[in-house]
*Asks:* 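Below is a structure I'd like to ask you about.
Sequence lines set the chain letters: A, B, ... in the order given, protein chains first and strands last, and positions in each chain run from 1.
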Amino acid sequence: MRVTTPVRASMMGWMPTLFAAGIGQLPETLASGIVNGCVYALAAVSLLVVYNVTGVINFAVGDFLMAGAMLTLLFAGPNGDPHRLPLALAVLLAVVIVTAAGALLEMLVIHPRRQYGTIFLLILTIGISSLLEGGALIPTGSLTYGLRPFTSGPAVSIAGVLLPRQDFWIVGSTLLVMGLLWYGATRTRTGKALRACEVNPTAARLVGIRVDRYWTIAFALGALLAAFAGAILVPVTYATYNMGIPITLKAFVAWVLGGVESPVGAVAGGVSFGVLEAVVLGYSPASVANYGDAVPLLLLIVVLVVRRRGLTRQTVVTRV
Amino acid sequence: MTGEIDRPTVLHVEDLLVSYGAVRAVRGVSLALHENECFGVVGANGAGKSSLLAGISGLVRPAGGNVSLGGEYVTGSRTEDNVRRGLVLVPERRQLFSSMSVRDNLLLGGYVHGRDRRVAEELERVEALFPILAERREQRAGTLSGGEQQMLAIGRGLMSFPRVLMVDEPSLGLAPVVVDAVVDALRELRRQGLTLLIVEQNVRLAMALADHLLVMEQGAIVRETGAGSVLSQEALIAAYLGGTGAGSLEGAPGGASVDMGEEISRSLLQTELSKGEQT
Ligand SMILES: Nc1ncnc2c1ncn2[C@@H]1O[C@H](COP(=O)(O)OP(=O)(O)O)[C@@H](O)[C@H]1O
Ligand SMILES: [Mg+2]
């Protein structure tokens, strides 16, 4: 793999100085914030699905995303490579492989140790994170990789605001995935059973739901969402083996911002965090912007101090 | 004396032991429940009634003894699998999916039967039995009143096509009028052929429903009674007043106060029992 067409740097922190924008570029800054926010939203929903069903905080979410990005790159290949697969197929393959890996890791690593409790399992996912990073480092080295946008062509101008074409893919497919998730959760038998495991695991067992299997399904779904986010992100950012942890932190903040239990909250948290980050980095002097990765941590502290239950108002449901 | 019953035994429990670490909650309980029979298990708080049902249903793995359903040993198999066999528990405090709709709660009751057509038919039957559930279809289960929640819990259990339905404290926290509605529904289910094992602190309710009462104390069955037997009736009351001694019954002929605060009058017991004889 070679670096092909790095369209522009994203908010991932390694090239923040590109965003020392003038005030005239506010609409562009906001737009790129929303675009990055979609990626954070997908990763935050991934954290939420896993947490709500299993109680595990999946620290490897960013690394599942990285794996999705790297595998998409591997299959879609650089321009002009005769062996590359069609883009859609490359994305599909990448997502399927990471999803299967998520399910397998749950079955082999998490599940046999689930009785040890949340903190132990969190540490286990940190282990999985390192494993995935290491696994990516060996074939990719510490190089950075980029991919052409899904549709080529110049940026689209809407009301004088220049928007890269990949932005439309990212926002559009995020909306689509969220719509599918909503449909699945509210209209399908498996989705309802998954929610039943979240709401009341004992009751789930009493109606015959095999809660263990839904742990696996939750991890698989979490991996799927992260991998998909990675696949749509890779045309606008550079992929490296160690891109995962900063994204995990940002997704975590987005999730907490959204109130931890609400999917709509997680999406709102992701998008608001993306916008906030873009504005902070875009309008700070380079010397400050270089500490871009501190933004999520600072924000997390602020959120936890100001509002311990996140930004959305929770409807408190009594469990009788 | 209950006489010979030639219907087949559906649920057979032998010497069941249930422990939580050092706490021995059920110490060797045996019972045989025939098709279309209704057993009531009564006893004070902490007697081990819920633990008995947990051990039978597989919610807790029994420390010893045997459970068989229709001749098949199911001891120690998980609740999830027992539901597939038709051993269904309506648990203490209902355990509904409180943030989900009434309809979804019922449909989840039919989870193990997948997309079977019978699930839709059963849903209609349950909604006919509890019309309020049809009215509240889209409402979140957590927002229902206590009585409606109990009906939903029973309805959800029925959706699993039980061979034996075990109901833990259906009257818990309900107003008397509501209790009557729940009792009527359970009676109707019996009439339709359902086999029931009911656990209750409310002796009146248990008597109104069951052919056979088992009194539990400290994890063991200390008295058994068939409905209508005067002797067993005395024994039952004695068992209830066990802590204060049988003498207190004479001391309070009008209405003896029972340890869990439930007022039982002797004449009331008589009426309930004679009702039981008529049905
Ligand atoms: N999960 C548990 N862990 C430890 N002890 C328990 C548990 N559940 C019940 N017990 C104990 O077992 C005994 C029987 O409880 P239970 O079966 O709930 O009685 P009942 O339903 O008759 O009120 C009690 O002493 C109770 O404290
Ligand atoms: Mg109990």
*Asks:* Below 4.5 Å from any heavy atom of chain A, which atoms of B:L107 appear? Answer side chain, backbone, both or neither.
*Replies:* side chain
*Asks:* Show the nearest heavy-atom pair for residues B:E92 and B:S50, with the distance to one decimal.
*Replies:* OE1-OG, 2.8 Å
*Asks:* Thinking salt bridges, do B:R94 and B:E148 make one under a 4.0 Å N-O criterion?
*Replies:* no
*Asks:* Shorter than 4.5 Å, heavy atoms on both sides: which option in B:V88, B:V112, B:V90 has the most such pairs with chain A?
*Replies:* B:V112
*Asks:* Tell me whether A:T125 contacts the main-chain N or O of A:F59 through its side chain, where contact means a donor paired with an acceptor under 3.5 Å.
*Replies:* yes
*Asks:* Give, for atom OG of B:S68 and atom CD of B:E14, the distance between the pair rounded to the nearest 0.5 Å.
*Replies:* 6.5 Å
*Asks:* Given the options B:G157, B:P91, B:G114, B:S160, which has more heavy-atom pairs under 4.5 Å with chain A than any of the others?
*Replies:* B:G114
